[in-house]
> 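Here it is: the structure, laid out below.
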Protein chains: 2
Amino acid sequence: MEISKAFGNVLKKHRKLAGLSQEQLALQCDLDRTYIGLLERAQRQPSITTLFSICEVLKIKPHELIKEVEKLYGI
Amino acid sequence: MEISKAFGNVLKKHRKLAGLSQEQLALQCDLDRTYIGLLERAQRQPSITTLFSICEVLKIKPHELIKEVEKLYGI
DNA sequence: TTAATCGACCGACTATAGTCATCATAAAGA
DNA sequence: TCTTTATGATGACTATAGTCGGTCGATTAA
C-alpha cells in the first residue's frame, strides 16, 4: 500500500477512536476541515509539523502513528 | 526546540553515522543536493514520503527517527 | 600551489501542501 | 417532511516543499 494511503487509513482510524468528526479534529489542530478529508482520502501528504499537531490532538505519539503507517505500507 | 530544528539535527546525526555526504545521501534518495542541506539547517520540513525515502537510505525505521525528534522537541 | 570535496548560501523556478467558499449527498432525528 | 450533522468534492487561491545551476570559503591531499 502507498504511504499516503496508509497514512490516510491510520489517521481515520485514530480520529474515529478519538470520537471526533473531521471538522472537530480540524478545528482543534488549526487546519482546514477539507484538508483532513483530503489526508484521509490520500490526496494530500502531511509535513512533519502537521503530523505532530494532528497527533497532539489525537493524544498519540507521532512515532506510534508512524509505526502503524510502516506496518500498512509494508516495511 | 522547534520541530524542524529537531529534525535537522537528527537527520545530520544519522547521515554522519551512515558515513554519507549530503550529496551522496541526496543521490541515493533521489532528492536534490541543496535540499538535504536545507533540511539539516531547518529551512525546510519534509513530507512523510520524503521522510520515508530518507530513512530507507539511512537504514533506520521512520518511527525510530521520529522518536528521536520527539525527544529533542520535548514531548 | 593546485585540485578535489564538502557544506553554506543564493535566486529563480515548478510541484504540492494547505486554505477557503461553496455545493451535493446521505444518514438520523423531530 | 424538514433539519441537522458528517463527509465528499471542486475550483481557485497562497504558502511552502523540492529542483536546478551556480558562487563561495574551509579543508584536505597531491
> Taking any heavy-atom pair under 4.0 Å as a contact, classify T34(A): base, sugar-phosphate, or nothing.
base
> When the distance from CZ of R44(B) to P of dG7(C) is rounded to whole Å, what number comes out?
18 Å
> Ignoring hydrogens and angles, state whether a donor on the side chain of H14(B) or E68(B) is under 3.5 Å from an acceptor on the partner side chain.
yes
> Identify, between S47(B) and E40(B), the residue whose nearest nucleotide on DNA chain C lies closer to the 5' end.
E40(B)
> Among dA9(D), dT19(C), dA17(D), which nucleotide has an atom closest to any side-chain atom of D32(A)?
dT19(C)
> Between dG7(C) atom C1' and L39(B) atom CG, what is the distance in whole Å?
14 Å
> L11(B) CG to dA8(C) P: how many Å, rounded?
11 Å
> Does K12(B) put a side-chain nitrogen or oxygen below 4.0 Å from OP1 or OP2 of dC6(C)?
no
> Would you kindly give the CG-to-P distance between L38(B) and dC10(C), to the nearest whole Å?
10 Å
> Suppose we call a contact any N or O donor and acceptor under 3.5 Å apart; does that hold for the side chain of R33(A) and the base of dT5(D)?
no
> Please state how far atom CG in L27(B) lies from atom P in dC6(C), giving the value in whole angstrom units.
11 Å
> Send over the distance from I36(A) CD1 to dC20(C) P, rounded to a whole Å.
13 Å
> Using distance alone, with no hydrogens and no angle criterion, decide if Q45(B) and T49(A) have a side-chain donor and acceptor under 3.5 Å apart.
yes
> Does a side-chain N or O of R41(A) approach OP1 or OP2 of dT10(D) to a distance below 4.0 Å, or not?
no
> Scan Q45(B) against the nucleic acid and name what it touches under 4.0 Å (heavy atoms): base, sugar-phosphate only, or nothing.
sugar-phosphate
> Does R15(B) put a side-chain nitrogen or oxygen below 4.0 Å from OP1 or OP2 of dG7(C)?
yes
> If you find the nucleotide of DNA chain C closest to L31(A) and the one closest to Q24(B), which residue's nucleotide is nearer the 5' end?
Q24(B)
> Atom CD of Q43(B) and atom P of dA8(C): how far apart are they, to the nearest Å?
9 Å
> With distance as the sole test, does R44(B) use its side chain to make a donor-acceptor pair with the main-chain N or O of L38(B) at under 3.5 Å?
no
> Do the side-chain N and O atoms of H63(A) and E64(B) include a donor-acceptor pair separated by under 3.5 angstrom?
no
> Closest approach to the side chain of S21(A), judged atom by atom: which nucleotide of dA6(D), dC9(C), dA9(D) is it?
dA6(D)
> For dA8(C), does either OP1 or OP2 sit under 4.0 Å from a side-chain N or O belonging to Q22(B)?
yes
> Check whether any side-chain N or O of Q24(A) sits under 3.5 Å from a backbone N or O of S21(A) as a donor-acceptor pair, and report yes or no.
yes
> Quickly work out the E23(A) CD to dT19(C) C1' distance and round it to whole Å.
14 Å
> Any side-chain N or O of K16(B) below 4.0 angstrom from OP1/OP2 of dC6(C)?
no
